[in-house]
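Letters go in sequence order (proteins before strands), and every chain restarts at 1. Just so it is clear, the model here is predicted, and its values are computed rather than measured.
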Amino acid sequence: RKEVEQDPGPFNVPEGATVAFNCTYSNSASQSFFWYRQDCRKEPKLLMSVYSSGNEDGRFTAQLNRASQYISLLIRDSKLSDSATYLCVVNRGGTDKLIFGTGTRLQVFP
Amino acid sequence: GAGVSQTPSNKVTEKGKYVELRCDPISGHTALYWYRQSLGQGPEFLIYFQGTGAADDSGLPNDRFFAVRPEGSVSTLKIQRTERGDSAVYLCASSLGTSGRREQFFGPGTRLTVL
């Protein structure tokens, strides 16, 4: 089993739609959680950290369920510019090492 | 300000050759990370430095891979006797510290192709 698992997609949604991505992690000792965004042939960039209480940044909402070892990202009112791959990232428990999922590809169409 | 830079952006080499990939982190960032990303996969951790020392090199796939950061700034990833399976994008990232909560800023990567 992979340490961080994501549905690779692609998710094809129209502009204005709401879309949700899920991610599960296997190491219960993990303490840090992030969503990174990666555009085609570009480097990953931090989208948002994920906090235990859940957090929101504009159209983006991230949630963490420690009991189920599950992280989610919700994107409301999708824009064409949201088209990218979204990487779920977790630190390996007890270390500063980040483990990346394979990414979920999102394609927003007009 | 300047971000993380990596050179070369592309490197094509032949099987069995030696290559060096360079990373110049953001000024003042003490932590530096190397990752490898294959097509359709997320970045895979290789090694990270805190200052000049390798704090964790458990991700290096074998002893053909080696990395240095002699002055605590620029880092070089060295690959000996390259194999076709080494073909990937090699990403470097830096952060202000090694706390797992700190944002890592990535460079544009070096695309390595081993023929």
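- Under 3.5 Å, the side chains of B:Glu20 and B:Tyr18 contain a donor-acceptor pair of N or O atoms.
- Looking at B:Tyr35, only its side chain comes within 4.5 Å of chain A, counting heavy atoms on both sides.
- Residue contact with chain B, scored on non-hydrogen atoms closer than 4.5 Å, involves the side chain of A:Gln38 exclusively.
- The parts of B:Gln104 that come within reach of chain A are both its backbone and its side chain, each placing non-hydrogen atoms under 4.5 angstrom from that chain.
- Side-chain contact, A:Lys97 with B:Ser58: a donor N or O sits under 3.5 Å from an acceptor N or O.
- When each of A:Val4, A:Thr85, A:Leu46, A:Leu87 is scored by its heavy-atom pairs under 4.5 Å with chain B, the top score falls to A:Leu46.
- Chain A forms the most heavy-atom pairs under 4.5 Å with one residue out of B:Pro43, B:Gly109, B:Gly107, and that residue is B:Pro43.
- Inspection of the A:Thr61 and A:Arg76 side chains reveals an N or O donor paired with an N or O acceptor under 3.5 Å.
- For the set A:Pro44, A:Cys88, A:Gly101, A:Gly103, the entry with the most heavy-atom pairs within less than 4.5 Å of chain B is A:Pro44.
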Q.
Show, in sequence, the C-alpha distance, side-chain angles and deciding distance for A:Arg92 and A:Glu3, and conclude whether the salt bridge (Lys or Arg N to Asp or Glu O under 4.0 Å) test is met.
A. CA-CA 8 Å; A:Arg92 181 170 288 164; A:Glu3 285 189 73; 2.2 Å; yes
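- B:Ser95 and B:Glu103 form no side-chain donor-acceptor contact under 3.5 Å, judged by distance and modelled atom types alone.
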